[in-house]
Student: 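Mind having a look at this structure? Questions to follow.
Protein chains get the first letters and strands the later ones, always in sequence-line order, with residue 1 at the start of each.
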Number of protein chains: 2
Amino acid sequence: MDTPRPPATLADVAERAGVSRQTVSNAINNPDLLRPDTLARVQDAIEHLDYTPNQAARHLRTRSSHLVGLRLGPAQEFTANMAMDRFVHALVEASREAGYHVLLFSGGRVAEGELPDPLGGYDDLLRSTAVDAFVVTDTYLGNPQTIGLAQRRAPFVAFGRPWDDPGAAHPWVDVDGAAGIAAATEHLRAQGHERIAWLGWQPGSRIGEDRRAGWHRAMTALGLPTAGLEAAVEDGVLAGGRAAASLLGSSAPTAFVCASDTLAVGVLGALSDRGLKPGRDVGVVGFDDSQVAQVMGLTSVRQPLEEVAVHLVAALRALLAPGHGAESGVLLQPTLEVRSSSTRG
Amino acid sequence: MDTPRPPATLADVAERAGVSRQTVSNAINNPDLLRPDTLARVQDAIEHLDYTPNQAARHLRTRSSHLVGLRLGPAQEFTANMAMDRFVHALVEASREAGYHVLLFSGGRVAEGELPDPLGGYDDLLRSTAVDAFVVTDTYLGNPQTIGLAQRRAPFVAFGRPWDDPGAAHPWVDVDGAAGIAAATEHLRAQGHERIAWLGWQPGSRIGEDRRAGWHRAMTALGLPTAGLEAAVEDGVLAGGRAAASLLGSSAPTAFVCASDTLAVGVLGALSDRGLKPGRDVGVVGFDDSQVAQVMGLTSVRQPLEEVAVHLVAALRALLAPGHGAESGVLLQPTLEVRSSSTRG
DNA sequence: ATGAAAGCGCTAACAG
DNA sequence: CTGTTAGCGCTTTCAT
């Protein structure tokens, strides 16, 4: 009994307001063009008829869906998606404020032994005009997709620097991981530590190398030794624990800066095995401020994902609405969330 | 130099194949209607022109966007979103296989002191024909949105039972939390525990009450006492730790079953404070199999979210393509991920 | 089995 | 400032 009738259209509103369809369209998209009284009449009609513009029609006409595509990687890619949840939230919120929605898609299931197609899913969405643009997040893998997308002239913005292609023309936003790690190192120094170890990933990840550089740079600036104080392992709790145990045995560090929360949790376990208390006895800092860090009282470098999302969306708007010049690269500073794992007392 | 020309349309394909537009449309949507040789010719043209149907046009014509809306709550709602990430992944994957994409939206920022609008965002998306249907996840709050959506005749499926409305007509999928907790309780009994405590939430949450019932039922069936062996606190590590400490002091439990991983982490902390080792000395089981549980070696009840997503999408298809009778309610069984926190040795 | 006509609801371009 | 005309690309009649 409630609303069995089909939704109102522009024509319905026009008729009720006694104007043409075009005028209604203008009332919505260019209110300034209308005389105040006409505008009021139209708005009244819109209200009464509970009118909402049909997106499909608008989309077809304007060739703009107001949708941005975000590909969800085949889960658990390395370490990055510990923060993915927060990022998605932030992106949805920032997009909403700009009048966009976020369309999620997957690259498709990756068959056993096959390499995932770095462009899987992008092409169809774009050519079918389902989305206006993409947000690309997994640039830490190297950046095959940014290259591929650029070749296809696909509008996109990247969360992540174009490490391997300084001449890349697309807009990007990234977080200065090296600076975050340097701040963590300085924080530990301020807590009285001098033998501060780096627990990072095996070479091959630009992000990992960047973070390590932050540690090394800070240590050097502080006049502290680095020799024998680092280990590179795969990202995992067990691997982190083993590496920490080994470092503790060989070079007596009193603090650890880690490339990820996962590794830091491993360190925590190694400390516990030796009866050492995090914070009081040995300082530990992780990276990503994941739920795990929050729950375990682990000090961690936190990426300003909300801010990242806002900049990405701003870049998108600039990209899609020519005229607005875009910042083509933005590097944001992370913050250090200090918890008990790095403070004495 | 690559693809500056606009994407091919149906008409382009028709011309190249020497048939009418309609025939091309049929080749795509009803291939059976074409003679094999015509079909081949058309497919050839499609291939050569790299044609992809324009979604906007199809959407306008068929009144179906092939998009399902999923609202992201204002972050951190209670405990549920520890698993949200996994669920979103699963839903995207299941949707893809059914030819749908997932549109994320937010309820809008909730102003200080205001109640969030349970229907915020839904209405516009629906009336603007931006989405075909919704997946509603936050039914644990009670279910104002299911009621509101039902009133608006909005097509939707729910992850979560209609606790307060057994007569609800919408399709739903849920996980049998009580059974999961009962299995956890039995597991602890099999490990030799008899004084198994329940650490749950304050009354008012149907989900919380359901999980507690699973513990109580299992304890009774096992002939074990429950008196003095339970506590109800707000969901948090600190609260969980305090409650565990109190129970340990008052009634000497040797194991804890918890309503969430968060509470279980609190228990772990309390044990550590007393020099007790999880597993060996005291058994602990959490709920949700979050990253925290995986990283800390916490035994936890795991919801089969992939399966949930598949059933939700199946229900959606049935809802949107009348004829296919839908199952209107599905209750799935969780599994117990056994780790060191609940096993001796 | 294929084609022709009509129109989904909207907005860009031009007239008035 | 407002109205008219045309058409975005597709699919649903209905003929053939």
Student: Report the distance from atom CG of B:Leu103 to atom OG of B:Ser95, rounding to the nearest 0.5 Å.
Tutor: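 One finds 11.5 Å between CG of B:Leu103 and OG of B:Ser95.
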
Student: Could you tell me the separation between the CZ atom of A:Arg21 and the P atom of D:dA6, rounded to a whole number of Å?
Tutor: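 Atom CZ in A:Arg21 sits about 13 Å away from atom P in D:dA6.
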
Student: Roughly how far apart are B:Phe87 CZ and B:Glu306 CD, rounded to 0.5 Å?
Tutor: 10.5 Å

Student: I want to confirm an ordering. Mapping A:Thr9 and B:Gly18 to their closest nucleotides on DNA chain C, which one lands closer to the 5' end?
Tutor: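 Nearest nucleotide further toward 5': that of B:Gly18.
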
Student: For this output row, return yes or no: ring centroids of A:Phe105 and A:Tyr122 closer than 6.0 angstrom.
Tutor: yes

Student: As an exercise, state the distance from CZ of A:Arg41 to OG1 of A:Thr23, rounded to the nearest 0.5 Å.
Tutor: 9.0 Å

Student: Looking at residues 54-68 of chain B, who's got a heavy atom less than 4.0 Å off DNA chain C?
Tutor: B:Leu60, B:Arg61, B:Arg63

Student: Just the rounded figure in Å: distance from P of D:dT12 to CG of B:Leu10.
Tutor: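 Going from CG in B:Leu10 over to P in D:dT12 covers 12 Å.
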
Student: Measuring from B:Leu104:CG to A:His89:NE2, what's the distance to the nearest 0.5 Å?
Tutor: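 Reported to 0.5 Å precision, the distance equals 8.5 Å.
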
Student: For atom CD of B:Glu15, is the number of surrounding heavy atoms from other residues, nucleotides or ligands below 6.0 Å larger than 12?
Tutor: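 No, the 6.0 Å shell around CD holds no more than 12 heavy atoms from other groups.
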
Student: Pull out every residue in residues 22-47 of chain A that has a heavy atom closer than 4.0 Å to any atom of DNA chain D, ordered by number, or say none.
Tutor: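 Output list: A:Gln22, A:Thr23, A:Leu33, A:Leu34, A:Arg35, A:Thr38.
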
Student: With sequence neighbours left out, what residues match B:His66 under side chain to side chain contact (heavy atoms under 4.5 Å, CB included)?
Tutor: B:Ser64, B:Tyr100, B:Asp132

Student: Have B:Glu93 and A:Ser106 got a donor and an acceptor in their side chains that come within less than 3.5 Å?
Tutor: yes

